[in-house]
Amino acid sequence: MNNRNVTAVPAEYLRSVNGELQGTIQEVSYEVSNYIHSSRQLVTDRNIGISEAGRETVAGDTLSKRCNVYMPAGYDPNDTTVKYNVLYLLHGVGGNQFEWLSSNGQVDERYIICNLFDNLIANGDIEPLIVVFPNGRSAHDWTDASFTTEGTNMLAFYYFDYELRYDLIPFIESNYKTFANINNTTPEGIFYNRMHRAVAGLSMGGMQALNLIVGGYRYDSTRFTGTESAWNNGLDKTVLAPGLIDLFAYVGAFSNAPTSSEGSVLGASLASSDYKLQLLYMTCGDADGVAITSYAKSIEGLIDQAGNHLGPFYQVLIKDGFHDFNVWNNGAYNFSRLIFRNNEEYAESDVIRKTL
């Protein structure tokens, strides 16, 4: 495919552009009907069985959650002639909807990630797009960012797919000018919509991109599973998530967390899907003591199992890279340059390996 030149982020792309070329950030509220209850049951307004969810499902009240939305320069909600692709960027285990923004830091009194997208758009590297920064915990205590393996806020990371499908995407596509329209469920509509959505995440968000979007295992505390933790971290796998490949054609995983599923599992899920994953982009620092093992594990066997259900598969190591935003900004920069292109550019099921 064109634009295969995966590179380090140009230093000038971290700086701000002129005011008229700057996008804006909006924090918004939306209602969630699919989340983990304090009882550890799955609250849902959908027909989701126990065998799929791996736990009892119940009816319950809706939650009000918040996310951040980047809108490119020139975005006019009243101009119905212009529509946009949407990229969902997921945070890590201790983060929230602000991690990609505030935790990433600022240059020229603007968030670095906003500068990055502003520059990519202003220089014609990508088409203007909307970027959504959700809180990836689907639970009654979604604001709790503590690391407690027995907490429902931890279990919530492994059930974000239901919120994404049934609550967040419908909200975004009802309130912003997107190409995709989740209400169009015709075969042609589903095919068209998924080509205009992408998702990527850092660390725990990278795990979500693999396990919940591509299709891997959910996890829960061993106190409740009654099993042993393969990671000695108090978590063990439960049921296989169905995946969201019918919603997303492009997936990125940056320094994916240790509970990410094996490549053979992910590849088998792709092979059983009715849809092709147009592009998979995985990256990690080669000095990352947290994620380098899970990065390698999630790659091994994936392409062999996926077959022709996977397009270009990028495997990008960052030399001397750690578990930090140097790696993750490189991921966001390169991933965004490779997505939302002509279908013909994703025809080859090849592997692109590179060290930056």
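No hydrogens, no waters, no symmetry mates; every other heavy atom, side chains included, goes into these values.
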Same apolar cluster: [X] and [Y], side chain cutoff 4.5 Å:
| X | Y | value |
| --- | --- | --- |
| Met154 | Leu210 | no |
| Leu247 | Leu240 | no |
| Phe157 | Tyr166 | yes |
| Phe133 | Leu244 | no |
| Val69 | Val131 | no |

*Are the ring centres of Trp100 and Phe325 closer than 6.0 Å?*
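When the ring centroids of Trp100 and Phe325 are compared, they turn out to be within the sub-6.0 Å range.
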*What do you reckon, are the aromatic ring centroids of Tyr250 and Tyr346 less than 6.0 Å apart?*
yes
*Could you check Thr62 against Val32 for side-chain contact (heavy atoms from CB on, under 4.5 Å), going step by step and ending with a plain yes or no?*
CA-CA 5 Å; Thr62 59; Val32 175; over 6 Å; no
Under 3.5 Å: donor-acceptor pair, side chain of [X], backbone of [Y]:
| X | Y | answer |
| --- | --- | --- |
| Ser174 | Phe171 | no |
| Arg194 | Ile245 | yes |
| Lys65 | Asn135 | yes |
| Arg137 | Val93 | yes |
| Asn115 | Leu14 | yes |
| Ser146 | Thr148 | no |

Would you call the rings of [X] and [Y] parallel, tilted or perpendicular if under 30° counts as parallel and over 60° as perpendicular?
| X | Y | value |
| --- | --- | --- |
| Phe117 | Tyr70 | tilted |
| Tyr192 | Phe179 | perpendicular |
| Tyr158 | Tyr219 | tilted |
| His37 | His140 | tilted |

Residues, nucleotides or ligands: over 12 heavy atoms within 6.0 Å of [X] [atom1]:
| X | atom1 | answer |
| --- | --- | --- |
| Glu20 | CD | yes |
| Glu27 | CD | yes |
| Phe191 | CZ | no |
| Asp76 | CG | yes |

*Are Lys354 and Tyr314 in a cation-pi setup, meaning NZ or CZ lies under 6.0 angstrom from the ring centre and within 45 degrees of the ring axis?*
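No, Lys354 does not sit over the ring of Tyr314.
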*Is it possible for you to check whether Arg197 lies under 6.0 Å from the centre of the six-membered ring of Tyr88, through NZ or CZ, and within 45° of that ring's axis?*
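Judged by the rule, Arg197 and Tyr88 form no cation-pi pair.
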Are [X] and [Y] close enough that some pair of their side-chain heavy atoms sits under 4.5 Å apart?
| X | Y | result |
| --- | --- | --- |
| Phe248 | Leu164 | yes |
| Val239 | Glu52 | no |
| Ile121 | Glu127 | no |
| Leu270 | Val214 | yes |
| Thr222 | Leu235 | no |
| Ser336 | Leu120 | yes |
| Lys177 | Asp79 | yes |

*Can you sort out the partners of Tyr176 under side chain to side chain donor-acceptor pair (under 3.5 Å), two or more places apart, ordered by chain and number?*
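Per chain and number, Tyr176 pairs via side chain to side chain donor-acceptor pair (under 3.5 Å) with Gln26.
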Hey, is [X] close enough to [Y] for a salt bridge, meaning N to O under 4.0 Å?
| X | Y | value |
| --- | --- | --- |
| Arg15 | Asp108 | yes |
| Asp220 | Lys237 | no |
| Arg218 | Asp161 | yes |
| Arg223 | Asp236 | no |

[atom1]-[atom2] distance between [X] and [Y], expressed to the nearest 0.5 angstrom:
| X | Y | atom1 | atom2 | result |
| --- | --- | --- | --- | --- |
| Arg341 | Ile126 | CZ | CD1 | 9.5 Å |
| Glu99 | Leu202 | CD | CG | 5.0 Å |
| Glu56 | Ile50 | CD | CD1 | 5.5 Å |

_Is there a side-chain hydrogen bond (donor to acceptor under 3.5 Å, both in side chains) between Ser16 and Arg110? Walk through the geometry before answering._
CA-CA 7 Å; Ser16 66; Arg110 278 182 59 78; 5.8 Å; no
*Quickly, which of Val251, Val6, Ile339, Ile352 forms a side-chain contact (heavy atoms from CB on, under 4.5 Å) with Tyr281? Name it, please.*
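Of the listed residues Val251, Val6, Ile339, Ile352, the side-chain contact (heavy atoms from CB on, under 4.5 Å) partner of Tyr281 is Val6.
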*Test side-chain contact (heavy atoms from CB on, under 4.5 Å) applied to Leu155 and Arg55, step by step*: CA-CA 12 Å; Leu155 178 62; Arg55 62 193 57 252; 3.5 Å; yes
